[in-house]
Peer 1: 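One structure, as structure tokens, below. Some questions next.
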Amino acid sequence: MNQGKGQTMWGGRFAATPSEIMDEINCSLDVDRRMAEEDIAGSRAHADMLAEMGIISQTDNEAIQSGLDGVLGELRDGSFPYRRELEDIHMNVEARLKELIGAPAGRLHTARSRNDQVVTDFRLWTRSALDGAGALLAGLQGALVRRADEHAGTIMPGFTHLQTAQPVTLGHHLLAYVEMASRDRSRLADCAVRLNESPLGAAALAGTGFPIDRDMTAEALGFARPMANSLDAVASRDFALEALADLSIAATHLSRLAEEIVLWTSPQFGFASLTDAWSTGSSIMPQKRNPDAAELVRAKAALITANFSALQGAIKALPLAYAKDLQDDKRLTFEAFDTFNLCVRAMTGMIETIRFKPDAMRAAAAKGFSTATDLADWRLPHPGHLMGPQALFASPNKWHSGNRDCDWSNTMKRPLLLAAALLAAGTLSACGLTGDLKRPGPLWGDPNAAIDPADLPDEAKSDLPPLPERESTGTQEADDELLGGADGN
Ligand code: ARG
């Protein structure tokens, strides 16, 4: 469409209309229409402030406010007449306001430029998007915690280098992702705090001569304060960059979990299967259940990182202050949030419904010498430490997840006892290694922690054979030497 002249805010002084291709490259409406409600909120706050400061009349403000009600109604009921030739949502809203209320609409733009208007809307949008993404992550955490609780006693092999290392529990494994998601959420929340300053009043780049009240608009929009520097206000997009970096890190965690689902549901692992709702089949290989959603999460994590990188590339060589390059920040940011939210929803759905196969996990844990380290540790006493198998269960609460209902001692202690009892003790007798067992410290946790045998679960007292004392080599170094030096993991 090529009807730009006279319709845009700036068309009046141009003799010819833009080329269609110019329209095409310049138009951001398809993307920034998502900020329509933020735009109206910003305009309301600005008009109220202009009236309060006597810059426009109260009558004009009333007309503007009720006209904006009308525009909002149209946006919500789908009757808003979007016009691509008006370039972006900001000019669309203002043009529609003018159609509805006439002359007072023109006074709304007093002491404001699209440069501070756009970035105000964008900050508002990003602020609530950060909240939304954080809430979805909390939902995923809830699903992980529920499944972890259900599988607090499910023994599985723990891996390093994807090789069976030591037995862990599925509960403990899943809770690792809960921890990652906690940090991801705190990064998102942190970003929302840092971005929460108002750019309004910076106008095009150098502020305005009108006696505006920037604190008033900042407060009305829920910002903590106005931004200190007007050039920074219109030029900076590090808030969006930071949000994308945070999403990229969080998506990396989703991708690792997705990869585990792909591995675990493969026939070779056989640790889990996805329900019909979360798998696809093959038309020519009926035996297959493909973990497509997990694979797509894995791929999409890279797309989010790519958007972060693209935005950084768009910004890094921009001289101050505003340049149209900054129009593409919205597309990259909206897309990253959409992709991220979809990935979190998919992961939540998969985690809620995936069917774990405890028998297969336990059988895999029994293979591959997964208790070799425990056996070695058991045989080597360290002076000054409590000895014996009970040390396996010492300091369990070192891993206690205090802020949620998951006690490490419940998720780990019982099953590790079983792992040790079933796997290690079995191996012990098979190998004739029944004597001389002292244990230097807990498998994980502070090796110097005092161990109170009263803390032990009953199984620990009954399931393992009594173990005689064994003399230490006398020094930690000598014991480490016997163990083959530092842990190469
Ligand atoms: N749609 C534009 C954007 O998102 C609006 C800003 C236009 N400012 C200007 N000086 N041309 O950045």
Side-chain angles (χ1 to χ4, degrees), residues 1 4-14 17-19 21-43 46 71 75 80 82-98 105-106 108-127 129 195 198-208 221 227 230-241 243-244 307 310-338:
M1 280 266 199
K5 182 174 159 15
Q7 303 239 24
T8 59
M9 283 197 265
W10 42 262
R13 68 202 152 79
F14 279 65
T17 55
S19 95
I21 294 172
M22 175 61 195
D23 270 348
E24 190 56 33
I25 197 170
N26 204 32
C27 177
S28 58
L29 182 62
D30 293 340
V31 173
D32 56 32
R33 56 192 283 175
R34 288 176 67 169
M35 301 196 304
E37 299 216 3
E38 286 78 6
D39 195 67
I40 288 177
S43 288
H46 184 65
V71 175
L75 286 162
F80 183 85
Y82 290 103
R83 279 184 276 159
R84 287 180 58 78
E85 66 275 16
L86 292 179
E87 195 179 315
D88 61 21
I89 188 63
H90 319 286
M91 296 215 279
N92 265 269
V93 167
E94 226 164 295
R96 182 66 185 143
L97 185 66
K98 193 164 191 177
L108 170 61
H109 213 56
T110 314
R112 178 173 88 164
S113 148
R114 254 190 311 155
N115 292 356
D116 60 342
Q117 180 183 357
V118 165
V119 73
T120 300
D121 299 354
F122 191 24
R123 278 179 186 259
L124 291 173
W125 189 93
T126 306
R127 189 176 69 187
L195 75 62
S198 174
L200 260 190
L205 76 165
T208 169
L221 294 169
M227 291 182 75
S230 64
L231 297 174
D232 178 44
V234 295
S236 294
R237 296 293 185 273
D238 52 287
F239 68 90
L241 202 53
L244 297 200
N307 280 23
L311 182 58
Q312 187 177 43
I315 294 169
K316 75 176 179 54
L318 278 192
L320 298 185
Y322 176 86
K324 202 64 175 261
D325 311 47
L326 294 176
Q327 177 162 283
D328 273 333
D329 55 1
K330 266 84 68 190
R331 184 180 66 74
L332 294 169
T333 306
F334 297 171
E335 213 174 74
F337 272 100
D338 290 346

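Computed from a prediction, not measured in an experiment: that's the story for all the values here. First listed ligand is number 1; within each ligand, the first listed atom is number 1.
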Peer 1: Sort and list the pairs that fulfil salt bridge (Lys or Arg N to Asp or Glu O under 4.0 Å) and have at least one residue in residues 24-34, not counting sequence neighbours.
Peer 2: E24-R84, D30-R84, R34-D338
Peer 1: Which value, rounded to the nearest 0.5 Å, describes the distance between R114 atom CZ and D39 atom CG?
Peer 2: 10.5 Å
Peer 1: If you round to the nearest 0.5 Å, how far is CG of L124 from CE of M35?
Peer 2: 9.5 Å
Peer 1: Identify all N/O pairs between ligand 1 and the protein with a separation under 3.5 Å and present them as a table of atom names and distances.
Peer 2:
from     : atom 1 : to   : atom 2 : distance (Å)
ligand 1 : 1 (N)  : D88  : OD2    : 2.8
ligand 1 : 1 (N)  : Q327 : OE1    : 2.7
ligand 1 : 4 (O)  : K330 : NZ     : 2.6
ligand 1 : 8 (N)  : N115 : OD1    : 2.8
ligand 1 : 10 (N) : N115 : OD1    : 3.1
ligand 1 : 12 (O) : Y322 : OH     : 2.4

Peer 1: Do S43 and E94 come close enough that some side-chain heavy atom pair is under 4.5 Å?
Peer 2: no
Peer 1: Excluding sequence neighbours, so at least two apart, what forms side chain to side chain contact (heavy atoms under 4.5 Å, CB included) with L326?
Peer 2: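 Once residues adjacent in sequence are excluded, the partners of L326 under the side chain to side chain contact (heavy atoms under 4.5 Å, CB included) criterion are R237, I315, L318, Y322, D329.
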Peer 1: Which residues satisfy the side chain to side chain contact (heavy atoms under 4.5 Å, CB included) test with A105, sequence neighbours excluded?
Peer 2: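 Result, side chain to side chain contact (heavy atoms under 4.5 Å, CB included) vs A105: L97, K98, I101.
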